[in-house]
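Read the structure below first, then the notes.
Throughout, protein chains are lettered first and strands after them, A, B, ... in sequence-line order, and every chain is numbered starting at 1.
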There are 2 protein chains.
Amino acid sequence: MQSDHLSLTFSALADPTRRAILQRLSQGQASVGELTAPFAISMPAISRHLKVLEHAGLVVRSRNAQWRPVQLNATPLAEVVHWVESYRRHWEGAFERMDAYLAELQKGDSDAKQ
Amino acid sequence: MQSDHLSLTFSALADPTRRAILQRLSQGQASVGELTAPFAISMPAISRHLKVLEHAGLVVRSRNAQWRPVQLNATPLAEVVHWVESYRRHWEGAFERMDAYLAELQKGDSDAKQ
DNA sequence: TTGTTATTTAACAGGTACGTTAAATGCAGT
DNA sequence: ACTGCATTTAACGTACCTGTTAAATAACAA
């Protein structure tokens with residue numbers, strides 16, 4: 001496992017089950033049982049996923065009797081957005097080039113038809 | 001390895017060597033040898049990292065004599081930003097609560113001093 | 001053809017990820 | 001203390017990740 005924070009966050013997000021858990025939590029806190037229900041995997045497996053998310057700082061846990069409610073903490077995602085945003089000009093550049101290319105294609109098309 | 005695109009992208013980004021490669025490529029295309037130089041790992045290892053990045057669509061490769069130039073393709077990052085942005089209100093909410101908390105602390109502080 | 005350079009593939013090792021089932025823990029109620 | 005419920009930990013298997021070195025491949029140059 002990586003120790004730098006960004007790697008930790010990205011690898012936590014790299015699993016679709018964990019992203020689904022975050023999505024569920026974006027609607028409010030939930031118990032481990034509630035989080036397990038929608039999936040076809042065992043509760044221990046979900047418990048491990050929660051440990052990964054907690055270690056990445058993406059969820060926080062508390063205690064309420066025998067329940068361990070899980071709550072979303074989205075703050076590490078700000079770091080992700082910051083990192084990704086530094087590449088924005090590159091993907092926007094690529095989209096523009098694609099647009100120009102498609103426009104050129106279309107132009108060539110209508111030229112051909114005339 | 002995950003097959004859904006977002007998982008593929010996130011796990012490609014979860015490695016600091018691969019992120020460093022992307023950063024280098026944001027300044028222009030490079031050969032495998034050039035990409036290997038700054039790191040303390042072997043060229044086959046870099047070659048494998050490039051395969052992962054290519055599989056995630058984050059780089060594209062071409063051929064020029066015996067060189068295989070690598071070029072950044074940032075378009076998959078648009079998908080990442082889109083996913084992460086849907087959580088923006090959550091982390092901004094958290095920051096606001098933190099600000100309010102700090103303001104409250106400071107207020108309590110100056111009250112105490114008077 | 002032969003040699004040189006750039007890169008990839010093969011074969012291997014060690015560590016990590018993710019799932020399972022069974023046992024342990026923690027808390028509440030009787 | 002005993003029972004029941006929610007959750008975690010333990011033990012295990014399988015597969016994947018990341019690195020290594022040595023061999024294979026591809027393109028050029030003589």
Side-chain angles (χ1 to χ4, degrees), chain A residues 1-25 28-72, chain B residues 1-25 28-72:
Chain A
M1 188 188 284
Q2 300 294 347
S3 58
D4 72 290
H5 200 185
L6 205 45
S7 297
L8 214 57
T9 308
F10 276 129
S11 73
L13 297 177
D15 184 284
T17 302
R18 287 195 290 264
R19 290 199 306 280
I21 289 173
L22 293 180
Q23 183 164 48
R24 164 63 186 80
L25 292 175
Q29 67 165 42
S31 69
V32 180
E34 288 168 335
L35 290 172
T36 302
F39 299 101
I41 62 182
S42 66
M43 189 177 286
I46 296 292
S47 181
R48 284 177 175 283
H49 280 306
L50 291 174
K51 201 182 234 177
V52 172
L53 290 169
E54 185 176 20
H55 195 216
L58 285 162
V59 304
V60 291
R61 326 239 5 213
S62 47
R63 182 177 277 292
N64 177 4
Q66 61 266 67
W67 291 270
R68 309 286 312 277
V70 189
Q71 211 174 337
L72 177 64
Chain B
M1 188 186 287
Q2 300 292 350
S3 57
D4 72 288
H5 201 186
L6 206 45
S7 297
L8 214 57
T9 309
F10 276 128
S11 73
L13 297 177
D15 184 284
T17 301
R18 287 195 289 263
R19 291 199 306 281
I21 289 174
L22 293 180
Q23 183 164 46
R24 163 65 186 82
L25 292 176
Q29 67 165 42
S31 69
V32 180
E34 287 167 337
L35 291 172
T36 301
F39 298 102
I41 62 182
S42 66
M43 188 176 285
I46 296 292
S47 180
R48 281 176 178 282
H49 280 305
L50 291 173
K51 202 183 233 174
V52 172
L53 290 169
E54 186 177 18
H55 195 215
L58 285 162
V59 304
V60 291
R61 325 233 15 206
S62 46
R63 184 178 276 292
N64 176 6
Q66 62 267 67
W67 289 270
R68 308 286 311 275
V70 189
Q71 213 174 338
L72 176 65

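Using a 4.0 Å cut-off, some side-chain N or O of B:Ser47 falls inside it from OP1 or OP2 of C:dT8. Listed pair B:His49 / D:dC17 fails the phosphate criterion, with no side-chain N or O lying under 4.0 Å from OP1 or OP2. Between A:Ser42 and the phosphate of C:dT20, there is a side-chain N or O to OP1/OP2 separation shorter than 4.0 Å. Taking side-chain N and O atoms only, A:Arg48 has no distance below 4.0 Å to OP1 or OP2 of D:dT9. Considering only side-chain N and O atoms, B:Lys51 lies under 4.0 angstrom from the phosphate OP1 or OP2 of C:dT9.
Nucleic acid contact class of A:Arg63 (heavy atoms, under 4.0 Å, all strands): sugar-phosphate only. Contacts of B:Ala12 with the nucleic acid, taken as non-hydrogen atoms under 4.0 Å apart, are absent.
Whole-Å rounding puts the A:Phe10 CZ to D:dC17 P distance at 18 Å. Rounded to whole Å, the distance from CZ on B:Arg19 to P on D:dT18 is 12 Å. In this structure, the CD1 atom of B:Ile46 is 13 Å from the C1' atom of D:dT20, given to the nearest Å. Atom P of nucleotide D:dA27 and atom CZ of B:Arg61 are separated by 14 Å, given to the nearest angstrom. Rounded to an integer number of Å, the gap from CH2 of A:Trp67 to C1' of C:dT25 is 16 Å. The CZ-C1' distance, from B:Arg68 to D:dA26, rounds to 9 Å in whole Å. Computed from coordinates, the B:Met43 CE to C:dT5 C1' distance equals 10 Å when rounded to whole Å. With rounding to whole Å, A:Leu50 atom CG is found 16 Å from D:dA6 atom P.
The shortest non-hydrogen separation linking B:His55 to B:Leu8 is O-CD2, 3.5 Å.
Side chains of A:Leu13 and A:Leu22 form a contact here, defined as non-hydrogen atoms less than 4.5 Å apart. A:Leu53 has its side chain within reach of A:Ile21: a pair of non-hydrogen atoms, C-beta onward, lies under 4.5 Å apart. The closest side-chain heavy-atom distance from B:Leu6 to A:Arg19 is below 4.5 Å.
Each of D:dT8, C:dG19, C:dT9 was ranked by its minimum atom distance to the side chain of A:Ala45; first place goes to C:dG19. Of the candidate nucleotides C:dA6, C:dC18, C:dT20, C:dC18 has the atom lying nearest to any side-chain atom of A:Asp15. The listed nucleotides are C:dG19, D:dG19, D:dC28; the one nearest the side chain of B:Ala65 is D:dC28. Distance from the side chain of B:Gln66 is smallest to C:dT5 among D:dA22, C:dG19, C:dT5.
In terms of position along DNA chain C, the nucleotide closest to A:Arg18 lies nearer the 5' end than the nucleotide closest to the other residue of the pair A:Asn64 and A:Arg18.
Within 6.0 Å of atom CD in A:Glu34, more than 12 heavy atoms from other residues, nucleotides or ligands are found, so the atom counts as buried in its surroundings.
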